[in-house]
S.K.: 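Below is the structure I would like to discuss, written out as structure tokens.
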Amino acid sequence: MPTHAPFQLLESIDVPADLRQIPEGELPRLAGELREFLIHSVGKTGGHLAAGLGMVETSIALHYVYDTPEDRLVWDVGHQSYPHKILTGRRARMDTMRLREGLSGFPRRTESPFDTFGVGHSSTSVSAALGMALAARQAGSDRKVVAIIGDGALTAGMAFEGLNHAGSLDVDMLVILNDNDMSISPNVGGMSNYLARVLSGPIFSTFREGSKKALRNMPSVWELARRAEEHMKGMIVPGTLFEELGFNYIGPVDGHDLPNLVKTLRNLRALPGPQFLHIVTRKGKGFPPAEDQPVTYHGVSAFDPRTGEFRQAKATGGPTYTQIFSDWLCDAAAREPRLVGITPAMREGSGLVQFSERFPDRYFDVGIAEQHAVTLGAGLACEGLAPVVAIYSTFLQRGYDQLIHDVAIQNLPVMFAIDRAGLVGADGATHAGSFDLSYLRCVPNLLVMAPADENECRRMLDTALIHDGPAAVRYPRGSGPGVPVNQAAAPLDIGIAEVRRRGREVAVLAFGSMVAPAMEAAEGLDATVVNMRFVKPLDETLILDLAASHGLLVTVEENVVAGGAGSAVGEVLARAGVACPMLQLGLPDHFVEHGKPSELLAECGLDGAGIGRAIAARLATREQTAARSVAGNT
């Protein structure tokens, strides 16, 4: 940290118990220090910035009022949790954020007792917090539980499933809605803050509960009073929906008014039953570049904390796979009027910005609702349109039932453009696309492809679009090996692989991103290398020919070995009754942590050197076994 930044209060806090010793009047000063520290810290390492800047005051207030970690704070997604990490003993390690063996960019139970629930995907906080609150009740504990969820995460069905269940139970928990896009209510000010204090205070609460008891024996009067209260609150606060779900709604309040937040949270901590606090914050608060461009500064690389200028210029190499898809989507839409694009709140990440601007009537952002995204595509396909669902590999996991039940069983022509397949680097295990080849290849009717390079990616996208049935193209994060894109290239012949190199001893069957390192590994071997292209259907004829002509088959994939493409190759051999030695290389049977992709691939043995070593070791073992067999026979 730079010496000019004064962090005297912040440096006195190693755990939240230290925070609770600070006089309440000093908390706004602490908020300023925490915000400046966060800007400098993320400026050095990169990471998620804008959402955390908006949650500085709320993070301080929560740890000031609640007895953490005995009281449980459950953060949704985790983008907003950096201030929480700084306040809970990890300030000195923030310069390791998202680096190999450093701090995770998300809350993790193994990292700190203050991280009560591990997250990465959104909309899980209410369900997890409810489970903790029910466990506390069952144990007879007066422990408090708070879920903190953003307005974006509230678009997911799972969040409402949790709210619906929690509101029907007499359980003590608080849900805080961080509304940082003003998407629910803009009417924040002195009157709203005053009402929040009154409605959460003991006088109103006692009157409310006492009235319930007094009027409960007079059903018609009770119902009239309940509705009168509801409509009175509905005229001045937008909480009718949450009241109907069974919560006592308080808000909206200014999420940057620290003294008022502390008072309101103290009141709410003392109230029984399900409570709902609606706060309004500003993404990027206190850092003008992030306030002006909250999307750009949501997730950032290293930048200059004085100016906001990013330290590393954008890569000047070839286009990323995401850009290949983005360009293809617009070109395809221009020639195919039936094409429509769908994304579950990942317009920027999945490359749909250009499409959304050029074809706004054919673009559908459904919010964080992956299940809905898949079935929406199915409904569009039923009526003759050509839906393209652009989705991360790890997010498609959430729509898996819909993929099977609503798309594949009906054999509907829904196309899945699956980004972030394989290891994704700094975001770690929660965002790694480690499983899609395994969970896709077992689904009937589904065409599954993995490109080896940029040009092949475009050809596969064309192939999927004209395929009469569901199809998936899965491609990695970042750039490919640098093959120029030929926009006039023809679609692929389905199920036909490509032999890239001929040898006699070993046949390496490489899938997608593993073709380039497989070619590198083969330089020191007498090896055939095949770009398999298709995971389903496989080129079975070629596989059997190679098994008959080579002493070892090696499969390489950036996917878990368990149930993956290599397993599919083994099944082909088993069905044909062919006995051929196999070596299956892929991601290991454990979750791969965050770090640079090159480091992680090397760690997993999936770089050129690692693949070469694994093959050489297997060949050496085979030779030793043969030698022992000969010696035994003599």
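In this text the structure is predicted, and so the values were computed from the model without any measurement. One is the number of the first residue; the rest follow in order along the sequence.
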S.K.: Looking at CD of Glu520 and CD1 of Ile611, how far apart are the two atoms once the value is rounded to the nearest 0.5 Å?
M.R.: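 Rounded to the nearest 0.5 Å, the CD-CD1 separation comes out at 8.0 Å.
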S.K.: If you compare all heavy atoms of Ala562 against all heavy atoms of Ser438, which two are closest, and at what distance to 0.1 Å?
M.R.: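 For Ala562 versus Ser438, the nearest heavy atoms are O-OG, 2.9 Å.
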S.K.: Got a donor-acceptor contact below 3.5 angstrom from the Arg90 side chain to the Ser112 backbone?
M.R.: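 Pair absent, no side-chain N/O of Arg90 close to backbone of Ser112.
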S.K.: Just how far is it from atom CG of Leu423 to atom CD of Glu593, taken to the nearest 0.5 Å?
M.R.: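 If I round to the nearest 0.5 Å, the distance is 11.0 Å.
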S.K.: Drop me the distance from Arg618's CZ to Met582's CE, to the nearest 0.5 angstrom.
M.R.: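 Arg618 atom CZ to Met582 atom CE measures 9.5 Å (nearest 0.5 Å).
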S.K.: Is Ile543 close to Leu573 at the side-chain level, that is, under 4.5 Å between some pair of heavy atoms?
M.R.: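 Yes, at least one pair of side-chain atoms sits under 4.5 Å.
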S.K.: Side chains of Val353 and Ser326: closer than 4.5 Å at any heavy-atom pair?
M.R.: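 No - every pair of side-chain heavy atoms lies 4.5 Å or more apart.
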S.K.: Please evaluate residues Met514 and Leu585 with respect to the criterion side-chain contact (heavy atoms from CB on, under 4.5 Å), reporting the C-alpha separation (whole Å), side-chain torsions for both, the decisive distance (0.1 Å), and the verdict.
M.R.: CA-CA 10 Å; Met514 290 292 98; Leu585 302 178; over 6 Å; no
S.K.: Just by modelled atom types, is the Ala497 backbone N or O under 3.5 Å from a matching donor or acceptor in the Arg533 side chain?
M.R.: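 Between the backbone of Ala497 and the side chain of Arg533 there is no qualifying donor-acceptor contact (under 3.5 Å).
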S.K.: Which atom pair, heavy atoms only, marks the closest approach of Pro319 to Ile324?
M.R.: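 Heavy-atom minimum between the residues: CG-CD1, 3.7 Å.
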S.K.: Is any side-chain heavy atom of Gln323 closer than 4.5 Å to a side-chain heavy atom of Thr320?
M.R.: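 Gln323 vs Thr320: side chains touch.
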S.K.: Do Val556 and Leu606 have side chains that get closer than 4.5 Å, going by heavy atoms?
M.R.: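 In contact.
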S.K.: Could you grab the distance from atom OG of Ser350 to atom CZ of Phe325, nearest 0.5 Å is fine?
M.R.: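 With rounding to 0.5 Å, OG (Ser350) is 7.0 Å from CZ (Phe325).
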S.K.: On a heavy-atom basis, which atom in Gly47 and which in Tyr82 lie closest, and how many Å separate them?
M.R.: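 For Gly47 and Tyr82, the tightest heavy-atom pair comes out as CA-OH, 3.7 Å.
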S.K.: I want to check something: taking the side chain as every heavy atom from C-beta on, are Asp327 and Gln354 in contact at a cut-off of under 4.5 Å?
M.R.: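 Answer yes - side chains close enough.
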S.K.: Looking only at atom types and distance, does a side-chain atom of Tyr297 sit under 3.5 Å from a main-chain N or O of Gly308, one as donor and one as acceptor?
M.R.: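 Yes; judged by distance alone, with no hydrogens or angles, the pair exists.
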S.K.: Check whether Ser434 reaches the backbone of Asn559 with its side chain - one donor and one acceptor, N or O, closer than 3.5 Å.
M.R.: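 No; zero donor-acceptor contacts below 3.5 Å.
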S.K.: Just verifying a value: how many Å separate Tyr475 OH and Asp419 CG, rounded to the nearest 0.5 Å?
M.R.: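 Interatomic distance, Tyr475 OH to Asp419 CG, rounded to 0.5 Å: 4.5 Å.
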S.K.: For the NZ atom of Lys536 and the CD1 atom of Ile494, what is their distance to the nearest 0.5 Å?
M.R.: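 Lys536 atom NZ to Ile494 atom CD1 measures 13.0 Å (nearest 0.5 Å).
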S.K.: Start with the C-alpha distance between Val448 and Leu437, add both sets of side-chain angles, then the distance that settles side-chain contact (heavy atoms from CB on, under 4.5 Å), and finish with yes or no.
M.R.: CA-CA 8 Å; Val448 183; Leu437 293 187; 4.2 Å; yes
S.K.: Check whether any side-chain N or O of Asp304 sits under 3.5 Å from a backbone N or O of Glu309 as a donor-acceptor pair, and report yes or no.
M.R.: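 Answer holds: no.
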S.K.: Is there a donor-acceptor contact under 3.5 Å from the side chain of Arg441 to the main chain of Gly563?
M.R.: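 Side chain of Arg441 to backbone of Gly563: a pair is present.
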S.K.: Donor-acceptor pair, His594 side chain versus Met97 backbone, under 3.5 Å?
M.R.: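 Checking the backbone N and O of Met97 against the side chain of His594, no donor-acceptor pair under 3.5 Å is found.
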S.K.: Are any of the side-chain heavy atoms of Val366 and Leu376 separated by less than 4.5 Å?
M.R.: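 Yes. Closest side-chain heavy atoms under 4.5 Å.
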S.K.: Can you check salt bridge (Lys or Arg N to Asp or Glu O under 4.0 Å) on Asp462 and Arg335, steps first, answer last?
M.R.: CA-CA 12 Å; Asp462 279 331; Arg335 68 175 187 267; 2.7 Å; yes
S.K.: When you compare the side chains of Asp406 and Thr375, does any donor N or O come within less than 3.5 Å of an acceptor on the partner?
M.R.: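 Yes - a donor-acceptor pair under 3.5 Å links their side chains.
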S.K.: I need the minimum non-hydrogen distance between Gln584 and Gly566, along with the two atoms involved.
M.R.: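 That would be NE2-O, 2.9 Å.
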S.K.: Would you indicate whether the side-chain heavy atoms of Val485 and Trp328 approach each other to under 4.5 Å?
M.R.: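 Trp328 vs Val485: side chains apart.
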S.K.: Would you check if Ile368 and Pro344 make a side-chain contact, meaning some heavy-atom pair closer than 4.5 Å?
M.R.: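 They are not in contact (no side-chain heavy atoms under 4.5 Å apart), so the answer is no.
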S.K.: Apply side-chain contact (heavy atoms from CB on, under 4.5 Å) to residues Val473 and Thr463 and explain how you reach the verdict.
M.R.: CA-CA 9 Å; Val473 181; Thr463 305; over 6 Å; no
S.K.: Would you check, one step at a time, whether the test side-chain contact (heavy atoms from CB on, under 4.5 Å) holds for Ile342 with Leu380?
M.R.: CA-CA 10 Å; Ile342 302 169; Leu380 290 164; 3.7 Å; yes
S.K.: With no hydrogens and no angle check, do the side chains of Ser104 and Glu111 hold a donor and an acceptor under 3.5 Å apart?
M.R.: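 No, Glu111 and Ser104 have no side-chain donor paired with an acceptor closer than 3.5 Å.
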S.K.: Quick one: do Arg420 and Thr322 satisfy side chain to side chain donor-acceptor pair (under 3.5 Å)? Show the steps, please.
M.R.: CA-CA 9 Å; Arg420 269 59 167 184; Thr322 303; 3.3 Å; yes
S.K.: Checking His550 side chain against Leu546 main chain: does a donor-acceptor pair fall under 3.5 Å?
M.R.: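 Present.
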S.K.: Any donor-acceptor pair under 3.5 Å linking the side chain of Lys85 with the backbone of Arg93?
M.R.: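 Answer holds: no.
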S.K.: Output yes when a side-chain donor or acceptor of His121 lies under 3.5 Å from a complementary backbone atom of Phe395, and no otherwise.
M.R.: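 Checked: no pair found.
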S.K.: Return yes when atom CZ of Arg109 has more than 12 non-hydrogen atoms of other residues, nucleotides or ligands closer than 6.0 Å, and no otherwise.
M.R.: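 Incorrect, the count does not exceed 12.
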S.K.: Take Phe359 and Phe355 through the ring pair (Phe, Tyr, Trp, His ring centres under 6.0 Å) test and state the conclusion after the steps.
M.R.: CA-CA 6 Å; Phe359 305 95; Phe355 178 82; 5.4 Å; yes
S.K.: With a 4.0 Å cut-off, would you call Arg347 and Asp365 a salt bridge?
M.R.: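 Judged by the 4.0 Å cut-off on N to carboxylate O distance, Arg347 and Asp365 do not form a salt bridge.
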S.K.: Looking only at heavy atoms, what is the nearest atom pair of Cys580 and Leu553, with distance?
M.R.: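 Residues Cys580 and Leu553, closest heavy atoms: SG-CG, 3.9 Å.
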S.K.: If you apply the rule salt bridge (Lys or Arg N to Asp or Glu O under 4.0 Å), what do you find for Asp115 with Arg108, and how did you get there?
M.R.: CA-CA 6 Å; Asp115 291 356; Arg108 295 189 61 184; over 6 Å; no
S.K.: For Gly120 and Phe106, work out which heavy atoms get closest and say how close.
M.R.: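 So the minimum-distance heavy-atom pair works out to CA-CD2, 3.9 Å.
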S.K.: Salt-bridge test for Asp427 and Arg98: reply yes if a basic N is under 4.0 Å from a carboxylate O, no otherwise.
M.R.: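 Salt bridge present between Asp427 and Arg98.
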